[in-house]
K.L.:
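Sending over a structure as structure tokens; questions will come in a sec.
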Amino acid sequence: MFEYRLIAQDPETGARAGEFVTPHGVIPTPVFMPVGTQATVKAMSPDELKQIGAEIILSNTYHLFLRPGPDLIAKAGGLHGFMNWDRPVLTDSGGFQVFSLAGISKVMDDGVEFQSHLDGTRYLMTPELASQVQEKLGSDIAMCFDQCVKLPCSREQAQDAVERTLRWAARCKAAHTRADQAQFGIVQGALFDDLRAACADELARMDFPGYAVGGLSVGESHAEMYRCLDALMPHLPERKLRYLMGVGHPANLIEGIARGVDMFDCVLPTRNGRTGTVFTRDGRMNVKNRRYAEDFSPIDAECDCYACRNFTRAYVRHLYRAGEILAVRLLSWHNVHFLVQLVAGARQAIVEGRFGEYRREFMTRYEGGAYLEKV
């Protein structure tokens, strides 16, 4: 049921185009997943996401565990029925959230004891509970519970997190019962290449249908991220899906694809939309800037999304300054569309044998021609 099919591969890089079969449809890869933390992508409806071309979305186990609760969502028919989304869904394990709340969480071998940010109630999240909650949520892809360390960290801290992540992955696999849900392992190891390689090798022996790279895009430089990916990718099975977690910067998407990554997710497009920032092929643009007050051109003249086809920079700036909800909706619409289509375009370029050209053209424009000197 959960089969990865390699369609095409760029001979000069690790970039690859493929398909991943799930119960709710075939996911063309590489793919960008909009983040619907609370069973909704902020400011977007499911129909709008389909218009944009979103093939799969991500929801968060930690937040949905606390509210409204997995039992209620299960009664509604799982996340698909609850949010009226008939395409694939991936749920993360909640691991990043419980560790990012380090001041109110305690890591133990059995799991993580944490305090709800909603009402202060204390819970113990174990690998078994994380797996059970995701089964009730009914996602197509569920992530193993892992330990993500903050950077910078010592080698000893990274080693401990890797060992705990591997033990928890084995426990997640043993607790997993749904044949219609794929479970992915997560590679940790901070910025230590040998620790990441060892973690990946051990997870590969557990034979998951896909493998995620966690613990990146948490403050390291782009160059450090790319170095880690270069060292790690040879240790991930070629015939299994590869997922780089929490990455949504446009340059990181293109460079991740060049290194063989198949899936990405990030809150960046909607978060930037809420702060008045949009992506364009020539870099980021802040529509709050006074220079756009009388600019009646589209948000992005090269974009064919609903926002760019129908509204001007001046109008969206006015909406934002007036505190109108439509501003956030239009900016989020454009940003999600931009990233979804950027990755879809890379996939098409791989299939057509021109990924190198696609990569060079995008990076030259987006990074202002200085990209090759930066990495």
K.L.:
With sequence neighbours excluded, tell me which residues meet side chain to side chain contact (heavy atoms under 4.5 Å, CB included) with Asn289.
P.N.:
Arg291, Tyr292

K.L.:
Does the distance from a Lys or Arg side-chain N to an Asp or Glu carboxylate O, for Arg242 and Asp262, drop under 4.0 Å?
P.N.:
no

K.L.:
Are the side chain of Glu220 and the backbone N or O of Val218 linked by a donor-acceptor pair below 3.5 Å?
P.N.:
yes

K.L.:
Just so I know, are the side chains of Ile186 and Met143 near enough to count as touching, which here means a heavy-atom distance under 4.5 Å?
P.N.:
yes

K.L.:
Quick one: list whatever passes salt bridge (Lys or Arg N to Asp or Glu O under 4.0 Å) with Asp230, sequence neighbours left out.
P.N.:
Arg259

K.L.:
Who are the salt bridge (Lys or Arg N to Asp or Glu O under 4.0 Å) partners of Arg271, not counting sequence neighbours?
P.N.:
none

K.L.:
Ring centroids only, cut at 6.0 angstrom: are Phe279 and Tyr366 within range, meaning strictly under it?
P.N.:
no

K.L.:
Check whether more than 12 heavy atoms from other residues, nucleotides or ligands sit under 6.0 Å from atom CG of Leu118, and answer yes or no.
P.N.:
yes

K.L.:
Salt bridge check, Glu55 against Arg347: does any charged N sit closer than 4.0 Å to a carboxylate O?
P.N.:
no

K.L.:
Under the side chain to side chain contact (heavy atoms under 4.5 Å, CB included) test, which residues partner Pro152, sequence neighbours left out?
P.N.:
none

K.L.:
Any carboxylate oxygen within less than 4.0 angstrom of a Lys/Arg side-chain nitrogen, looking at Arg281 and Glu361?
P.N.:
no

K.L.:
Taking atom OG1 of Thr121 and atom CG of Leu66, what is their separation to the nearest 0.5 Å?
P.N.:
8.5 Å

K.L.:
I want to check something: taking the side chain as every heavy atom from C-beta on, are Asp304 and His337 in contact at a cut-off of under 4.5 Å?
P.N.:
yes

K.L.:
Could you check if a side-chain atom of Val107 sits within less than 4.5 angstrom of a side-chain atom of Gln147, using non-hydrogen atoms only?
P.N.:
yes

K.L.:
Counting neighbours of CZ on Arg67 that are heavy atoms of other residues, nucleotides or ligands and sit closer than 6.0 Å, is the number greater than 12?
P.N.:
no

K.L.:
Quick check: do Pro250 and Leu339 have side-chain heavy atoms less than 4.5 Å from each other?
P.N.:
yes

K.L.:
Can you tell if the side chain of Ile254 reaches within under 4.5 Å of the side chain of Leu342, non-hydrogen atoms only?
P.N.:
yes

K.L.:
Do Glu128 and Gln132 have side-chain N/O donor and acceptor atoms under 3.5 Å apart?
P.N.:
no

K.L.:
Quiz question: by atom type and distance under 3.5 Å, do the side chains of Asp47 and Ser45 form a donor-acceptor pair?
P.N.:
no

K.L.:
Without hydrogens or angle criteria, can the side chains of Tyr62 and Asp92 be said to hold a donor-acceptor pair below 3.5 Å?
P.N.:
no

K.L.:
Could you note down all residue pairs passing side chain to side chain donor-acceptor pair (under 3.5 Å) where residues 182-209 supplies at least one of them, sequence neighbours left out?
P.N.:
Asp146-Gln188, Arg155-Asp194, Asp193-Arg227, Asp201-His235, Glu202-Arg205, Asp207-Lys240

K.L.:
Verify whether one side chain among Glu135 and Thr177 offers a donor that lies under 3.5 Å from an acceptor in the other.
P.N.:
yes

K.L.:
So for atom CD, which belongs to Glu238, do other residues, nucleotides or ligands contribute more than 12 heavy atoms lying within a distance under 6.0 Å?
P.N.:
no

K.L.:
Taking ring pair (Phe, Tyr, Trp, His ring centres under 6.0 Å) as the definition, give me every residue that meets it alongside Phe65, ordered by chain and number, with sequence neighbours left out.
P.N.:
Tyr123

K.L.:
Taking atom types as modelled and ignoring hydrogens, do the side chains of Ser297 and Asp295 form a donor-acceptor contact shorter than 3.5 angstrom?
P.N.:
yes

K.L.:
Any side-chain heavy atom of Phe82 within less than 4.5 Å of one from Lys75?
P.N.:
no

K.L.:
So does Asp110 pair up with Arg171, basic N to acidic O under 4.0 Å?
P.N.:
yes

K.L.:
Looking at Arg167, I'd like to know if its CZ atom is crowded, meaning that more than 12 non-hydrogen atoms belonging to other residues, nucleotides or ligands lie closer than 6.0 Å.
P.N.:
yes

K.L.:
Flag the pair Arg309 and Asp300 as a salt bridge only when some basic side-chain nitrogen lies within less than 4.0 angstrom of an acidic carboxylate oxygen.
P.N.:
no

K.L.:
Is Val278 linked to Val41 within one hydrophobic cluster, defined over Ile, Leu, Val, Met, Phe, Trp and Tyr using a side-chain heavy-atom separation of less than 4.5 Å?
P.N.:
yes

K.L.:
Tell me whether Tyr320 is reachable from Ile299 by hopping between hydrophobic residues (I, L, V, M, F, W, Y) whose side-chain heavy atoms are closer than 4.5 Å.
P.N.:
yes

K.L.:
Taking the ring of Phe296 and the ring of Tyr315, is the distance between their centroids below 6.0 Å?
P.N.:
no

K.L.:
Assess the side chains of Ser139 and Gln181: does a donor N or O sit below 3.5 Å from an acceptor N or O?
P.N.:
yes

K.L.:
Is there a side-chain contact between Val261 and Tyr243 (heavy atoms, below 4.5 Å)?
P.N.:
no

K.L.:
Are Asn60 and Gln97 close enough that a side-chain donor and a side-chain acceptor fall under 3.5 Å?
P.N.:
yes

K.L.:
Just how far is it from atom CZ of Phe32 to atom CG of Leu244, taken to the nearest 0.5 Å?
P.N.:
11.0 Å

K.L.:
Looking only at the side chains, is there a donor atom on one of His222 and Glu255 sitting less than 3.5 Å from an acceptor on the other?
P.N.:
no

K.L.:
Measuring only between side-chain heavy atoms, which start at C-beta, is Leu241 closer than 4.5 Å to Pro209?
P.N.:
no

K.L.:
Between Asn335 and Ser332, do the side chains contain an N or O donor and an N or O acceptor separated by less than 3.5 Å?
P.N.:
no

